[in-house]
Amino acid sequence: MTSYYEASARERLADLLDPGSFHEFLPATERVVSPHLVQLETPAAFDDGVIVGRGTLDGRPVLAAAQEGGFMGGAVGEVHGAKLVGLLERARDEKPAAVLLLVESGGVRLHEANAGLIGVSEIMRAVLALRSAGVPVLVLDGGQFGCFGGMGIVARLCDAIVMSEEGRLGLSGPEVIETTCGVEEFDSRDRALVWRTVGGKHRYLLGEADALVADNIAAFRKAAISLLDTKPDLSIEALTTEHEKLGARLEKFGSCHDALDIWSALGIEAPEGLPLLEADSFVAKVAGRRA
Amino acid sequence: MDARTLLEKLFPNGSEVAFDGLYFAGTGESSNGKVAVIGSIDAAPIGVELAFRMAGEVLRIVREYPARPDLPARPILLLVDTQGQRLSRRDELLGINGYMAHLAKCLQLARNKGHKIVGLVYSEAVSGGFLASSLLADRCYALPESQVRVMNLPAMSRITKIPLERLEELSKSSPVFAPGVGNYLKMGAVNALWEGDLSQRLAEALDVPPEGDSRRQWGEERDGRRLARGVAERVRHAAG
């Protein structure tokens, strides 16, 4: 079993999709690098930290992108963002069964902050336009850098999110909050606190993630296959339901200080034991208790 | 410019807008008819409650003012003054990114139902707060004196370990990382700066026919973002 967390973006794609089916667009041989990094004498990458292409999943055509956390934490720059936008627009032309986003990103790349921010905004618009056209977008989140910043918003614009316990999802990363607001607000070195605040299990319990799987690529693959028939729904009924759900979350958990308080409020016995459970037993234990 | 003065200039024929804390919403009379207004003041940090409230207002507008045979769907004007997303552990615990995404989805619903969405940065727009507001409009405009950024240069220098002097030097010729509404104009995120008669600018913006996301094209035409359009196009049409 290959760990999703430890694997590179390329390894994840190769093992997630049907064997040998992945074909990359604008591969590293095309050498599309970020001129902005070059200008700042910062090492650049020939794929700008994201791999985009097509393949099949369970025999069905998909388009897929994988961000490489090993390069600048998967941060979005001009080229990186444009590759994702191009892939999402291609999906509007081709109507594959789904688009898979293997996210791993700290958000906007500061070396090209304006271009990155605008790029993220274009990704957001492209995801929404694609879903409006009926193509589902599925997110897989289990990499070392998690999914933060604007990519955290992008992830929640999609149809479904698959996470491992090791995956993290949020907007402002713990380090950013600690640096800005102080260690009393968020101690980013307190790993247990970080995991239970932004980690996969809490996101699953809250209803932010749709599936929680063990940290191996095969488990992610299985979950992605099971979600292939998701039908995008941006109707007023669907969004009203989502609105009510988010409103209820604020009402019920708005005064909670810690994930443990939320898990207790969900009626889970001995919530402090949840972080220790393996994915399968965790999912079984919390069945029917998710928000 | 403060929000009340701005509303008077945008809607000389009158507006009914209710302020509540950092949030406001209501209706203005433009020469093209009624416009729904949603906004914030005092460089509001956008946290879960504010994003939720704005989304609720968008849903209400979609429900109550849809397109009719004799009247188009009511346009939405976003007037959001924000210092960025609210930085707190509680917001993260509650899934602030999900609340912002919800707002974005509600605006997409409005767009799909024919509501025009105009964004005007009238004071400040920063990072995640910008992403979750004016950048979601069909077109985003700004007042010339407004401030737009991801991060100031000293903080950027600390994090990237690039000397501040180097960043300051480069920012004279490159719009790509430094704060400034002019940079966002050049890169295509801001369509135009509004000067002169603001009610007239609004009327012109409301007359723009629906279009796709053209920001890459504007960025390229203005020589501020030379790669984004071409790279996206290559991926879209690559062989295989």
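The sequence lines fix the lettering, A, B, ..., with proteins before strands; numbering per chain opens at 1. All heavy atoms count here, side chains included; hydrogens, waters and symmetry mates do not. Keep in mind the model is a prediction, meaning the values are calculated, not measured.
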Chemist: Which one of A:E122, A:H23, A:E112, A:R54 has the most heavy-atom pairs closer than 4.5 Å to chain B?
Modeler: A:E122

Chemist: Contact part of A:E242 toward chain B, heavy-atom cut-off under 4.5 Å: side chain, backbone, both or neither?
Modeler: both

Chemist: What part of B:I159 gets closer than 4.5 Å to chain A, counting heavy atoms only: side chain, backbone, both or neither?
Modeler: side chain

Chemist: Under a 4.5 Å heavy-atom cut-off, does chain A meet the side chain of B:A155, its backbone, both or neither?
Modeler: neither

Chemist: Heavy-atom pairs under 4.5 Å with chain A are the metric here; pick the option from B:G128, B:S88, B:P179 that has the most.
Modeler: B:S88

Chemist: Before you tell me yes or no, could you show the steps for B:M187 and B:V176 under side-chain contact (heavy atoms from CB on, under 4.5 Å), namely the whole-Å CA-CA distance, both residues' side-chain angles and the distance that decides it to 0.1 Å?
Modeler: CA-CA 8 Å; B:M187 301 191 83; B:V176 85; 3.7 Å; yes

Chemist: A side-chain contact here means heavy atoms from C-beta on lying under 4.5 Å apart; do B:R53 and B:D20 qualify?
Modeler: yes

Chemist: Less than 4.5 Å to any heavy atom of chain A: does that hold for the side chain of B:I96, its backbone, both, or neither?
Modeler: side chain

Chemist: Side chains of A:L205 and A:W263: does their closest heavy-atom pair fall under 4.5 Å?
Modeler: yes

Chemist: Where does A:H36 contact chain B at under 4.5 Å (heavy atoms): side chain, backbone, both or neither?
Modeler: side chain

Chemist: Check whether any side-chain heavy atom of B:R139 lies under 4.5 Å from a side-chain heavy atom of B:W218, and answer yes or no.
Modeler: yes

Chemist: Please look at B:M100 and chain A and tell me whether the side chain, the backbone, both or neither of the residue comes under 4.5 angstrom of a heavy atom of that chain.
Modeler: both

Chemist: Between A:L169, A:T179, A:T197, which residue shows the highest count of heavy-atom pairs closer than 4.5 Å to chain B?
Modeler: A:T197

Chemist: Using a cut-off of under 4.5 Å for heavy-atom pairs, which of A:T180, A:L87, A:I118 has the most such pairs with chain B?
Modeler: A:I118

Chemist: Can you tell which part of B:N112 gets under 4.5 Å to a heavy atom of chain A, answering side chain, backbone, both or neither?
Modeler: side chain

Chemist: Select one option (side chain, backbone, both, neither) describing which atoms of A:R109 are under 4.5 Å from chain B's heavy atoms.
Modeler: neither

Chemist: Do you know which of A:L63, A:D93, A:V79 has the most heavy-atom pairs with chain B at a distance under 4.5 angstrom?
Modeler: A:D93

Chemist: I'd like to verify something: which residue of B:M156, B:H102, B:H237 has the highest number of heavy-atom pairs under 4.5 Å with chain A?
Modeler: B:H102

Chemist: Side chain, backbone, both or neither: which part of A:R92 has a non-hydrogen atom closer than 4.5 Å to chain B?
Modeler: neither

Chemist: Between A:V85, A:L117, A:L26, A:I177, which residue shows the highest count of heavy-atom pairs closer than 4.5 Å to chain B?
Modeler: A:L117

Chemist: Contact part of A:H111 toward chain B, heavy-atom cut-off under 4.5 Å: side chain, backbone, both or neither?
Modeler: both

Chemist: Identify which part of A:E41 has an atom lying under 4.5 Å from any heavy atom of chain B, answering side chain, backbone, both or neither.
Modeler: side chain

Chemist: Given that the side chain runs from C-beta out, which part of B:L170 has a heavy atom under 4.5 Å from chain A: side chain, backbone, both or neither?
Modeler: side chain

Chemist: Parallel, tilted or perpendicular for B:Y99 and B:F52, by the 30°/60° rule?
Modeler: perpendicular

Chemist: Is it the side chain or the backbone of B:L136 that comes within 4.5 Å of chain A heavy atoms, both, or neither?
Modeler: both

Chemist: Chain B heavy atoms under 4.5 Å from A:L193: which part of the residue, side chain, backbone, both or neither?
Modeler: side chain

Chemist: Step through the shown structure and confirm whether more than 12 heavy atoms of other residues, nucleotides or ligands are within 6.0 Å of CD on A:E251.
Modeler: no

Chemist: Which atoms of B:A178 are under 4.5 Å from chain A, going by heavy atoms: the side chain, the backbone, both sets, or neither?
Modeler: backbone

Chemist: Side chain, backbone, both or neither: which part of B:R166 has an atom under 4.5 Å from a heavy atom of chain A?
Modeler: side chain

Chemist: Side chains of A:F25 and A:R90: closer than 4.5 Å at any heavy-atom pair?
Modeler: yes

Chemist: Would you check, one step at a time, whether the test side-chain hydrogen bond (donor to acceptor under 3.5 Å, both in side chains) holds for A:D261 with A:S264?
Modeler: CA-CA 5 Å; A:D261 303 332; A:S264 290; 5.8 Å; no

Chemist: Could you tell me which portion of B:I162 (side chain, backbone, both or neither) has an atom closer than 4.5 angstrom to a non-hydrogen atom of chain A?
Modeler: side chain

Chemist: Select one option (side chain, backbone, both, neither) describing which atoms of A:S34 are under 4.5 Å from chain B's heavy atoms.
Modeler: neither

Chemist: B:E92 versus chain A, heavy atoms under 4.5 Å apart: side chain, backbone, both or neither?
Modeler: both

Chemist: Tell me, please, which residues at least two apart from B:R226 pass salt bridge (Lys or Arg N to Asp or Glu O under 4.0 Å).
Modeler: B:D223

Chemist: Counting heavy-atom pairs closer than 4.5 Å to chain B, which one of A:L206, A:L234, A:L246, A:T240 comes out on top?
Modeler: A:L246

